[in-house]
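Structure record follows, encoded as structure tokens.
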There are 2 protein chains.
Amino acid sequence: MRIGELAERAGTTTRTLRYYESRGLLPARRAENGYRSYDEGDLRLLQQIRTLQDFGFDLEETRPFVDCLRAGHPAGDSCPASLAVYRYKLAELDALIGRLTSVRAEVGAQLARAELEASADLPGGPAPRCELGGQP
Amino acid sequence: MRIGELAERAGTTTRTLRYYESRGLLPARRAENGYRSYDEGDLRLLQQIRTLQDFGFDLEETRPFVDCLRAGHPAGDSCPASLAVYRYKLAELDALIGRLTSVRAEVGAQLARAELEASADLPGGPAPRCELGGQP
DNA sequence: GTATTCCTTGACGCCGACGTCAACGCAAGG
DNA sequence: CCTTGCGTTGACGTCGGCGTCAAGGAATAC
């Protein structure tokens, strides 16, 4: 199959495939007329790349999976190098999620505080101050 | 104060300050010799920007806070536009954290599965299969 | 005077994963 | 023959937030 068909079947673009080839990730055989020629195996490699990309893996990080598949293994993650990337990625995700979660808490707190102060300034007077048994 | 001092006091670089000015975010007065001149108020503005940047806000998203401070309000988030950015950012953070969390779960599951399959292939035979009361 | 350190503007570099355009070749249908 | 629609390579553009020179002026120390 040619580049356009592969791109369409994988839900990507020809530009992307040429880019992968330029990175040495997905080299293509060539037909007599110079056209790139792909088979079903290439589609599988490409699907592996795309899946990991969707997970947010860097392109380089997909390489062990692709190599693993091309080495004849049943799955891209059947090789130790792939597992290492999984583990690294998990640690990275945990760190990122942790940071974002604490940022979310901070921002949420700031918003709550700012909203309080705003509602305390707007109406007629310092605030309703609710009906607490304080200083009358 | 001049640009170097402001940068140092804010823990950033002169390049960053010039960049902010080029974006119209933190314009500077000029001394007679052409040097940029800042005061304590500018430091406050800059600190506001840096805080939000550390939270992951885009530079443009800090603009309402800076404008708010410059308008004389006690805090950068004392204005409705700032609160709107807070809310937008919270939604964005929630969406991102959600995506990352589901990706983390996916990757974790893939790792577990791949590790299982690896350990089932390596040793002498299909697996130890533990000592369960099964088919002897 | 001169050495040092600050300041000025301008402009290119970087990063990743492509998008987009240019200018061309090749194959097939009418 | 001509058009249409694939393919080819090459090269520049994108985005954000600066880093990193380069070439020069200004203020201070000695």
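Throughout, protein chains are lettered first and strands after them, A, B, ... in sequence-line order, and every chain is numbered starting at 1.
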Just checking A:Arg30: base, sugar-phosphate only, or nothing, at a heavy-atom cut-off of under 4.0 Å?
sugar-phosphate
Tell me what B:Arg18 touches on the nucleic acid: a base, only sugar-phosphate, or nothing, going by heavy atoms under 4.0 Å.
base
Starting from [atom2] on [N], measure out to [atom1] on [X] and report it in whole angstrom.
X	N	atom1	atom2	answer
A:Ile3	C:dC26	CD1	C1'	16 Å
B:Leu26	D:dC18	CG	C1'	15 Å
B:Leu17	D:dG17	CG	P	15 Å
B:Leu46	D:dC18	CG	C1'	14 Å
B:Ile49	D:dG16	CD1	C1'	15 Å

If you define the side chain from C-beta out and look only at heavy atoms, does anything of B:Gln48 sit under 4.5 Å from B:Thr62?
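The answer is no, as the side chains (C-beta and beyond) never meet within the 4.5 Å cut-off.
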Answer yes or no: is there a side-chain heavy-atom contact under 4.5 Å between B:Arg36 and B:Arg2?
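Not in contact.
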To the nearest 0.5 Å, what is the distance between OH (B:Tyr20) and CG (B:Leu46)?
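Separation between the atoms: 7.0 Å.
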Can a side-chain donor-acceptor contact be found between B:Arg18 and B:Thr14 if the only test is distance below 3.5 angstrom?
yes
With no hydrogens and no angle check, just 3.5 Å: does a side-chain donor-acceptor pair link A:Arg50 and A:Gln47?
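There is no such pair (donor and acceptor under 3.5 Å, judged by atom type) between the side chains of A:Arg50 and A:Gln47.
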Steps toward side-chain contact (heavy atoms from CB on, under 4.5 Å) verdict (A:Arg87, B:Leu111):
CA-CA 8 Å; A:Arg87 293 193 192 97; B:Leu111 174 59; 3.7 Å; yes
Within 45° of the axis and under 6.0 Å from the centre of the six-membered ring of B:Phe55, does NZ or CZ of B:Lys89 qualify?
no
Closest heavy-atom contact between [X] and [Y]?
X	Y	result
A:Ala114	B:Tyr86	CB-CE1, 4.4 Å
B:Gln110	A:Asp77	OE1-OD2, 3.7 Å
B:Gly76	B:Ser82	O-OG, 2.8 Å

Residues in residues 85-98 of chain B with a heavy atom under 4.0 Å of DNA chain D, by number, are none
Contact pattern, 5' to 3', of nucleotides 11-22 of chain C - B, S or - by protein heavy atom under 4.0 Å
------BBBB--
For B:Tyr35 and A:Glu5, find the nucleotide of DNA chain D closest to each by heavy atoms; which residue's nucleotide sits nearer the 5' end?
A:Glu5
Could you please name the option among C:dC7, D:dC6, C:dA27 that lies closest to any side-chain atom of A:Asn33?
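Nearest listed nucleotide: C:dA27.
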Parsed dot-bracket for DNA chain C after applying the Watson-Crick and G-U rules with both distances under 3.5 Å and | for other-strand partners is ||||||||||||||||||||||||||||||
For D:dG5, does either OP1 or OP2 sit under 4.0 Å from a side-chain N or O belonging to A:Arg2?
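No, A:Arg2 has no side-chain N/O under 4.0 Å of OP1/OP2 on D:dG5.
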Do any N or O atoms from the side chain of A:Asp54 and from the backbone of A:Thr51 form a donor-acceptor pair under 3.5 angstrom?
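A pair under 3.5 Å: no.
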